[in-house]
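Notes follow the structure.
We name chains A, B, ... by the order of the sequence lines, and we start the count at 1 in each one.
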Amino acid sequence: MTPNLCKPWEHALSRRQWLGASVAGTGALALGGLGGLVSPLTAAELNAKDKQVLFVWIDGGMSQYESWDPKPGTQFGGPFRQIATSLPGVNISELMPRTATVMHHLSLVRNMCTQDNSHSAGVPRIQRGDPKNRGVTYPFFGSAVAKLLGPGSSGLPPYVSIKPGSGGFHYQDAGFLGPQYGALAFGDGKPPENLLRHNSLNEEDDVARNALRTTLNKRYVEGRRHENAEAHSAVYEMAGSLMKRQDLFDATKLSPKDVQRYGSHEFGRHMLLARNMLEAGVRFVKVTSYGWDTHGDNFHGHRSLMPRFDQAYAAIIEDLNERGMLDRVLVIAMSEFGRTPRINGHIGRDHWPEAWSLALAGCGMKRGTVVGKTNDLGTFVDGDAFDIGHMFHTWFAALGIDSRKVEYDNHGQPLPIAHDSCSVVKELLA
Amino acid sequence: MNDELKAKFEPKELKALNVDRQLNAARFTPCGRFLLAAGHDGLIRRFDMTAAEMPELKPLTGHHGWVQRLAVATSTATSALPEVVYSVDSWGQLRCGSFVDDAAAPRWTNGSAHNGWIVDVALNAGGSLVATCGIDRAIRVWSATDGALKHEFTNADWDVLCVVFAPDEKSLLAGDLSGMIRQWDLASGKVTREFNAAELHKSDRLQEVGGVRQLQFSPDGKQLICAGTKPKNGGNVQGLPTVMVFNWETGQLVKSFELGKEGDVYVTDLAFHPAGFLMLTISGNPGAGKLVFRRIEDDASFYETTKMPNCHSVTLHPDHHRLAVVATNGGSNGNGRNLDKEGKYPGNFSPIHVWTLPAG
C-alpha cells in the first residue's frame with residue numbers, strides 16, 4: 001500500500017549513477033519538451049527570489065483525528081484527548097504538545113477534500129497540484145518552484161529531497177518542465193557516494209577533464225535539441241556545487257543540542273539537515289517521512305509516530321522563526337489524504353480524501369489562523385472545501401508568483417501553473 | 001489437531017449480542033449474572049446473563065474516550081468490595097463502581113490516575129490491589145477498597161502495555177512496547193527480574209511496533225504467559241500472532257509458538273480454561289480473526305474458528321460452560337466514501353458472540 005517505498009530508479013546512488021540517471025532523463029525530455037514561461041516574472045516576483053520552501057511529505061496519510069483536527073469523545077474520535085495551543089480557541093491532538101506551542105505561527109487548513117483515495121494515484125496527483133488533464137505530465141510543486149524561482153544565489157541545487165532509504169535523481173518529478181528541474185534526493189540524508197574527486201585525480205586534471213567533457217557535449221548537441229545538453233550540464237553543475245558543500249552533510253558539525261531538540265530518529269535527523277539546507281540557500285527542500293499508512297493498529301501507531309513528527313516539526317518552526325527565516329520560508333506539512341473516520345477491525349484507519357487537514361507556516365502565510373472545518377464527527381467538510389489546486393494557487397501567491405498571470409510554455413503550449421478552476425485562499429495569506 | 005480434545009471442548013455459538021459501537025474488551029462478573037463490555041463510546045455495556053435472551057441492560061457511564069479494559073475479581077470470595085468492576089479509560093480515569101446498579105454512585109474514581117491512555121488494569125488474586133499502566137509510561141498500584149495510591153513506578157522508558165500481579169502478590173509484572181517484561185518488587189519499588197520478549201517488538205522507521213500486549217499466569221502460577229505479535233512492519237501492521245511462555249521459577253523461556261499467518265497479527269486476549277488449555281482471540285487484517293484453543297504443551301491448537309472477524313477479547317463464564325468473544329462486523333474496512341443504504345457514513349460495531357462449551 002506504500003508504492004513509494006522503493007521505486008526501481010531509486011537505487012543506491014553514486015555520482016556516476018546519478019549522472020547516468022540524468023542522461024536517461026534527457027531521453028525522456030525529448031518526449032516532454034522543456035518548459036519555459038509564457039508570461040515572464042515581474043520585478044516584484046523577481047524580488048521574491050530569496051523565498052524558499054520546506055515541503056514535509058508525510059507519506060501514506062497522517063490521521064487528521066490524531067493530529068490537526070481531533071474530535072475527542074465522538075464516535076470516530078479515537079482514544080486520544082485534545083490539547084489547547086498557543087492559538088486561543090484552537091485545539092490539536094494531545095500527541096502534538098510541542099507543535100501546540102508554535103501554533104501561533106501556523107496556518108491550519110481543516111477542510112481539504114481531494115479526489116484520490118489510493119496512494120498510487122494520490123501521491124503524484126497531489127504533488128502535481130491535480131491540474132486539469134491537458135495531455136501532459138505536470139511538475140511536482142518542488143520542480144515548479146525550481147523552475148519559477150530558479151536556484152537562487154546559493155549555487156546549490158534548487159530542489160533537493162531528503163528521504164529514508166536510497167537517493168537518486170528524480171527527474172520524473174519535473175514532468176514536462178524537463179529533467180533538470182527534478183529532485184536531487186539524498187537517501188537517508190546522505191550525499192551521493194563518491195561525490196568528491198578521487199584522490200588519484202588532481203584538481204588540474206579534473207578541470208581539464210571537465211573542459212573536454214564540455215567540448216564533447218557541444219559537439220554532440222550540434223544538430224540535436226539543446227535542452228538535452230542543458231539538462232545534462234545542469235546535473236553536472238549540481239554535482240560540482242555539492243562537492244563544495246560537503247560540510248552540509250557532516251554530522252560532526254551538528255550541535256548536540258539541536259540533535260536532541262530535533263530527535264536522533266530518522267525524521268529528526270532529516271529535518272535538521274533540511275534546516276541546514278535552507279540556511280545554505282537551497283530553494284526547495286522536501287523531507288519525506290514514510291510509514292504513515294496505518295490501516296492496522298492506527299492508535300498505537302500514531303502514538304509512536306506523532307511525537308517524533310511533533311518534535312522535529314516544532315523544532316524547525318522555532319528555528320526558522322528565531323533566525324528570521326520564517327518570513328521567507330514557506331513550510332508545508334501534508335500527506336496525500338487523511339484517514340477514515342471509521343475504525344476498522346484491525347483498529348486501523350483507511351484512506352480518506354473527503355475531509356482532512358494540512359498545516360502551513362511562514363512565507364506569505366497568515367500566522368495563527370485556522371481555515372475551514374469539518375462536521376462534529378469529522379466525517380465530512382462543513383462548508384466550503386478546498387482541493388489541492390486551491391493550495392497550489394495559494395502557495396504560489398505566498399511565494400510572490402501570480403498564478404493567474406504566470407504560465408508555463410510547453411513548446412508553445414501555454415499551460416496554467418495551477419488548476420484553472422481553483423483559486424487563491426485569501427484568508428490564508430498575510 | 002487433537003481430535004479428542006476437540007470433541008470434548010468444541011464450542012457452539014449460542015447467540016450474537018449486537019452492540020452499535022466498537023468494543024475493546026469483555027468480562028463476565030464473578031457472580032456470572034452479568035457480561036460487561038468496554039466500549040469506544042465511553043460506556044460499559046451490560047448484559048443480563050440470567051435471561052435466555054441475554055438482554056442489554058442500562059450501561060455504566062462516567063468514562064471518557066475509550067473504556068479500554070475491565071478487571072473483576074476471579075470469584076465472589078476474593079473481592080475486597082462486592083460486585084464492583086475496575087475500569088480504565090483512554091483519558092486517564094480509573095473507576096471502581098457497581099456492575100449491578102447502573103444508578104449507583106461509583107465507589108471511587110480517579111480522573112487522573114494516569115496522564116492519558118490507560119492501556120491495562122489488573123486485580124490481584126486477593127482482590128485488595130489494582131494495578132494500572134499506560135502510555136504515560138507509569139505503573140501504579142491502588143487500594144482496591146478506596147483507590148488510594150499504594151505504589152508508583154514511573155521510570156519506564158517505553159509505553160507500558162500490560163500488567164499482572166505475581167502469584168505471591170508481592171510483585172508486579174509489566175510488559176512494555178519494547179518487548180521487555182519487568183518484575184517490580186512492591187515493597188522496594190525495584191526491578192528484580194526481566195523477561196525478554198523483544199521478538200514481540202520492531203522498530204520500523206519512526207514507529208515502534210507491537211510490544212507485550214498480554215500477560216497472564218497459568219492457574220498453577222508456574223508459567224508466565226505473554227503474547228502479542230512478531231511484527232513484520234509498522235503502518236499497516238503485519239505480524240505473526242505469538243505466545244511466549246516463561247518458567248516463573250527459573251525465568252527461562254520454555255516455549256514460543258505462533259498462531260497464524262502475518263495477516264493475523266495480534267493475540268488480543270487470552271483466558272485459561274480450568275481443563276488446562278488457553279483460549280485466545282486474534283485480530284489482524286480486517287476480516288482476519290480467530291478464536292483458538294490450545295494447550296501450551298501441545299504442538300498445535302486443537303480448535304480454531306475464523307467465523308468471527310477481528311476478535312478482540314475473550315472471557316469465560318464462571319460456570320465454565322459459556323464463553324463470550326468480542327469480534328467486529330464484517331466489511332469493516334475500505335478506503336474513501338462508503339455510505340450505507342440510507343446514504344449515511346457507517347461506523348463499525350462489535351458483536352459479542354456467546355458460545356456454549358461442553359462440560360468436557
Audit row: B/Asn236, A/His295, side-chain hydrogen bond (donor to acceptor under 3.5 Å, both in side chains) steps and yes/no:
CA-CA 4 Å; B/Asn236 183 17; A/His295 292 279; 5.5 Å; no

B/Asp89 versus chain A, the contacting section by heavy-atom distance below 4.5 Å
neither

Counting heavy-atom pairs under 4.5 Å with chain B, which one of A/Phe267, A/Phe309, A/Phe299 comes out on top?
A/Phe299

Between A/Arg303 and chain B, with a heavy-atom cut-off of 4.5 Å, which part of the residue counts as in contact: side chain, backbone, both or neither?
side chain

Between A/Thr99 and A/Trp68: side-chain donor-acceptor atoms closer than 3.5 Å:
no

Verdict with reasoning, B/Ser87 to B/His63, per side-chain hydrogen bond (donor to acceptor under 3.5 Å, both in side chains):
CA-CA 9 Å; B/Ser87 49; B/His63 276 292; 2.6 Å; yes

With A/Trp352, the ring pair (Phe, Tyr, Trp, His ring centres under 6.0 Å) member among A/Phe337, A/Phe380, A/Phe76, A/Tyr65
A/Phe380

A/Pro72 portion near chain B, given a 4.5 angstrom heavy-atom threshold:
both

Checking B/Leu177 against chain A: side chain, backbone, both or neither under 4.5 Å from a heavy atom?
neither

Donor on one side chain, acceptor on other, B/Ser203 and B/Glu208, under 3.5 Å:
yes

Pick one of side chain, backbone, both or neither for A/Thr340, based on which atoms fall under 4.5 Å of a heavy atom in chain B.
both

Is B/Asn333 close to chain A through its backbone or its side chain, or both, or neither, when contacts mean heavy atoms under 4.5 Å?
both

Of all of A/Gly296, A/Pro79, A/Gly345, A/Ser304, which one pairs up most often with chain B through heavy atoms under 4.5 Å apart?
A/Pro79

Judged by modelled atom types alone, do B/His40 and B/Asn24 share a side-chain donor-acceptor pair under 3.5 Å?
yes

Check whether A/Glu354 gets within reach of chain B through its side chain, its backbone, both or neither, counting any heavy atom under 4.5 Å.
side chain

Does either side chain, that of B/His312 or that of B/Ser350, offer a donor lying less than 3.5 Å from an acceptor on the other one?
no

With a 4.5 angstrom heavy-atom cut-off, which part of B/Asn348 approaches chain A: side chain, backbone, both or neither?
both

Under 4.5 Å, counting heavy-atom pairs only, tell me which of B/Asn233, B/Ile135, B/Val209, B/Thr328 racks up the most with chain A.
B/Ile135

Pick whichever of A/Gly77, A/Ser118, A/Gly301 has the most heavy-atom pairs under 4.5 Å with chain B.
A/Gly301

Does any heavy atom of chain B fall under 4.5 Å from the side chain of A/Ser289, the backbone, both, or neither of them?
side chain

Given A/Asp59 and A/His119, is the side-chain hydrogen bond (donor to acceptor under 3.5 Å, both in side chains) satisfied, shown in steps?
CA-CA 9 Å; A/Asp59 192 88; A/His119 303 291; 5.6 Å; no

Quick one, A/Arg339 with A/His351, criterion side-chain contact (heavy atoms from CB on, under 4.5 Å). Give me CA distance, side-chain angles, the key distance, then yes/no.
CA-CA 5 Å; A/Arg339 305 213 72 86; A/His351 305 168; 3.6 Å; yes

Proximity breakdown for B/Ser90 and chain A, heavy-atom pairs closer than 4.5 Å
both

Any side-chain heavy-atom pair from B/Asn338 and B/Pro346 closer than 4.5 angstrom?
no

Give, as side chain, backbone, both or neither, the part of B/Trp91 having an atom under 4.5 angstrom from any heavy atom of chain A.
both

Highest number of heavy-atom pairs under 4.5 Å with chain B among A/Thr74, A/Asn298, A/Ile347 belongs to A/Ile347

So which part of B/Asp264 gets closer than 4.5 Å to some heavy atom of chain A, the side chain, the backbone, both or neither?
neither

Atom pair NE2/CG of A/His302 and B/Leu206 - distance to nearest 0.5 Å
11.0 Å

Assess the side chains of A/Arg81 and B/Asn115: does a donor N or O sit below 3.5 Å from an acceptor N or O?
yes

What part of A/Arg308 lies closer than 4.5 angstrom to a heavy atom of chain B: side chain, backbone, both or neither?
side chain

Top contributor to chain B contacts, counting heavy-atom pairs under 4.5 Å, from A/Glu266, A/Gln75, A/His265:
A/Gln75

In terms of heavy-atom proximity below 4.5 Å to chain A, should B/Arg337 be classed as side chain, backbone, both, or neither?
both

Kindly determine whether A/Asn344 and B/Ser332 satisfy side-chain hydrogen bond (donor to acceptor under 3.5 Å, both in side chains), including the steps that lead there.
CA-CA 5 Å; A/Asn344 68 34; B/Ser332 68; 5.2 Å; no

Chain B contact via A/Pro307 - side chain, backbone, both or neither, heavy atoms under 4.5 Å:
neither

